[in-house]
Amino acid sequence: MQKILNYINGELVEPNSKKWIDNIDPATGDVYSLIPDSDSSDIDSAARAAKDAFPAWANTSNEERYRVLNKLVELIKENADELALAESIDNGKPLKLAQKVDIPRAWQNFEFFATGIMHFASESHNMQAANTINYTLRQPIGVVGCISPWNLPLYLFTWKIAPAIAAGNCVVAKPSEVTPMTAYLLSELAIKAGLPKGVLNIVHGLGHKVGDSITRNPEIKAISFTGGTKTGEAIASIAAPMFKKLSLELGGKNPNLVFADCDYKKALSTSVMSSFANQGQICLCGSRIYIEESIYEKFKEDFVAKVNKLKVGNPLDSDSNLGAVVSKDHQEKVLSYIDLAVEEGGTILTGGKKLELDGECKNGYFIAPTVIEGLDNNCRIQQEEIFGPVVTLTPFKNEEHALELANSSQYGLSSTIWTQDLNRANRIANKIDAGIVWVNCWLHRDLRTPFGGVKNSGVGREGGFEVFKFFTEPKNVCIQWS
Ligand code: NAD
């Protein structure tokens, strides 16, 4: 059985505990590799290695860091097929999605931030009348921790570690224990790329052990976390009293507002995608669909007809639109929400059940894409994050009502607005509680833009220069001349 290894101080090593966790292929239910069951002693070693590597790495030029990271870009490109297959098997997502989105984004993250650091500049503030000038240094923080989730494994893992390393920090990183494989393959590529030892350390294992140890380790001065809101809360409660810098990218329950004057065809087909891409397991999926009353019945009928055409199948088949959800636990969680929707008075328009496929995927974790209507906006199904292939449809009367429904949520990650009236789009964009607003599109990503949420969807922004600001410490120098 293949063993995934930790990457500490430039070497691939077994966990100190010599214990292992089963890694399951969600499309078959089979154990296919073993994950290190690491603990705080592995994190201590990784943090020490990172601390030792920091002075030299922080002193390399931006151009030198760019060169090393670009080697990694080339290696990810060369190994893209293997990485995409590994991602699909580990996560259950359609292979074609991993090929088209996840793996290209992994090398793009390194390329973007390695280039970005060469354009990153700091401010100066002139006090002419006082013969004084301030300039601000932006210095790397030191050892930083990056903790990522399972839904876009390599995509989100590299989204954090690339800017951290490019900015001159050394990293102790933990991918999700549910999908560790591509982070392991990345550690092999980092060695090949000649990344100096200790600059990147990847420790695998359980959240409450490895993630918690990253949070508590006093050498780790900043934590960049993407995952659930509850986990974010736990991390903040430990890290805040230690005065660590924190970036928390958390859960969402994103509204998708469809107005009668929208480009109907585009709104319809994009809404199917924004509901069920990656089995609905993207933090940016629009799981609450609000439709203007006058087109509600038509949109509902057309939407359900389109959803019924989606094929749930073996993730490795090129005609599968949806693969497996990530784990048995997650499948059970999503199915329990579907049961709750019925208890809360919802009507299931399509889906609503697990699917048993034939052949090698017989024991895999599949769920039919599910559309529910008739739920009060305050019920749990409309308020809690399900993070699976389940969406609700709700009619609204007018713009004010749509906004009220959209904002009645503890979350505020992203939102989508479908209307041809740009005045209305701007009015709503101004007032909606979300860090990200898409108008007449979804998941268009320009990596220069600030990325993150408000309310319980998180604190801080990633992307562009925002993330370099997070991964550097500003130091102001004030000079007076006579
Ligand atoms: P999770 O919070 O369970 O786990 C995320 C990571 O945190 C994993 O690596 C896990 O091992 C680790 N972890 C768990 N407990 C920990 C602890 N006590 N201390 C430190 N680390 C710990 O989330 P998940 O189930 O992997 O991912 C799904 C969630 O992630 C959803 O809520 C989704 O919305 C969110 N998400 C948010 C974004 C965003 O950008 N805002 C992007 C993707 C996913």
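The figures here come from the full heavy-atom set of this structure, side chains too, leaving out hydrogens, waters and symmetry mates. What you see is a predicted model, and the numbers here were worked out from it, not measured in a lab. When a ligand or atom number is given, it counts from 1 through the structure's own listing order.
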Worksheet item: What do you think, any protein heavy atom under 4.0 angstrom from atom 4 (O) of ligand 1?
Response: no
Looking only at protein heavy atoms, which one is nearest to [atom], and what is the separation?
{"atom": "atom 28 (C) of ligand 1", "answer": "Phe387 CE2, 3.6 Å"}
{"atom": "atom 37 (C) of ligand 1", "answer": "Leu250 O, 3.1 Å"}
{"atom": "atom 36 (N) of ligand 1", "answer": "Cys283 CB, 3.7 Å"}
{"atom": "atom 6 (C) of ligand 1", "answer": "Ser148 O, 3.4 Å"}
{"atom": "atom 17 (C) of ligand 1", "answer": "Gly207 O, 3.5 Å"}
{"atom": "atom 27 (O) of ligand 1", "answer": "Pro149 CB, 3.3 Å"}

Using a 3.5 Å cut-off on N or O atoms only, is [X] in polar contact with ligand 1?
{"X": "Leu156", "result": "no"}
{"X": "Thr226", "result": "no"}
{"X": "Trp150", "result": "yes"}
{"X": "Glu177", "result": "yes"}
{"X": "Gly228", "result": "yes"}
{"X": "Thr215", "result": "no"}

Proximal candidate to [atom] [heavy atom criterion; set [options]]:
{"atom": "atom 35 (C) of ligand 1", "options": "Gly211, Gly227, Pro180", "answer": "Gly227"}
{"atom": "atom 7 (O) of ligand 1", "options": "Tyr411, Phe451, Phe225", "answer": "Phe225"}
{"atom": "atom 2 (O) of ligand 1", "options": "Ile147, Leu206, Ile214, Thr231", "answer": "Thr231"}

Discussion item. Within the structure provided, determine whether Leu83 and Leu85 are in side-chain contact (heavy-atom separation under 4.5 Å).
Written reply: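 The answer is no, as the side chains (C-beta and beyond) never meet within the 4.5 Å cut-off.
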If you measure from the Lys or Arg side-chain nitrogens to the Asp or Glu carboxylate oxygens, is any gap between [X] and [Y] under 4.0 Å?
{"X": "Lys209", "Y": "Asp39", "value": "no"}
{"X": "Glu14", "Y": "Lys18", "value": "yes"}
{"X": "Lys230", "Y": "Glu233", "value": "yes"}

Worksheet item: Ring centres of Trp150 and Phe387 under 6.0 Å apart?
Response: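 So the answer is yes for these two rings.
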Item to complete: Kindly say whether the aromatic ring centers of Phe113 and Phe468 come within a distance under 6.0 Å.
Response: yes
Discussion item. Before you tell me yes or no, could you show the steps for Arg461 and Phe470 under side-chain contact (heavy atoms from CB on, under 4.5 Å), namely the whole-Å CA-CA distance, both residues' side-chain angles and the distance that decides it to 0.1 Å?
Written reply: CA-CA 8 Å; Arg461 291 293 181 275; Phe470 175 76; over 6 Å; no
Item to complete: Give me the one residue out of Ile4, Val178, Val31 that meets side-chain contact (heavy atoms from CB on, under 4.5 Å) with Asn23.
Response: Ile4
Please work out, at 4.0 Å between heavy atoms, whether the side chain, the backbone, both, or neither of [X] comes within that distance of ligand 1.
{"X": "Glu385", "result": "side chain"}
{"X": "Asn151", "result": "side chain"}
{"X": "Leu413", "result": "side chain"}
{"X": "Val178", "result": "neither"}

Fill in: Sole candidate of Trp438, Tyr290, Trp418 that passes side-chain hydrogen bond (donor to acceptor under 3.5 Å, both in side chains) when paired with Asn256
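Of the listed residues Trp438, Tyr290, Trp418, the side-chain hydrogen bond (donor to acceptor under 3.5 Å, both in side chains) partner of Asn256 is Trp418.
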Worksheet, complete the sentence: Note: ligand 1 atoms sitting under 4.0 Å from heavy atoms of Asp212 are 19 (N), 20 (C)
Response to the item:
Pro175 heavy atoms within 4.0 Å reach ligand 1 at atoms 9 (O)
Worksheet item: Would you find a donor on one side and an acceptor on the other, under 3.5 Å apart, between the side chain of Trp442 and the backbone of Leu284?
Response: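 Yes, the answer is positive, given that a donor and an acceptor are paired below the 3.5 Å cut-off.
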Worksheet entry | Trace of the side-chain hydrogen bond (donor to acceptor under 3.5 Å, both in side chains) decision for Ser409 with Gln383 | CA-CA 6 Å; Ser409 169; Gln383 292 296 325; 4.6 Å; no
Worksheet item: Are Phe120 and Phe465 close enough, and set up right, to give a ring pair (Phe, Tyr, Trp, His ring centres under 6.0 Å), and what steps lead you there?
Response: CA-CA 7 Å; Phe120 185 51; Phe465 290 154; 5.5 Å; yes
Discussion item. Looking at ligand 1, would Gly232 count as a contact under a 4.0 Å heavy-atom criterion?
Written reply: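 Checking ligand 1 against Gly232, which is what was asked, there is no heavy-atom contact under 4.0 Å.
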Practice prompt. Evaluate the side-chain hydrogen bond (donor to acceptor under 3.5 Å, both in side chains) criterion for residues Lys93 and Asn278: first the C-alpha distance (whole Å), next the side-chain angles of each, then the deciding distance (0.1 Å), finally the verdict.
Written response: CA-CA 6 Å; Lys93 66 176 67 212; Asn278 205 36; 3.3 Å; yes
Worksheet item: NZ of Lys96: more than 12 outside heavy atoms within 6.0 angstrom?
Response: yes
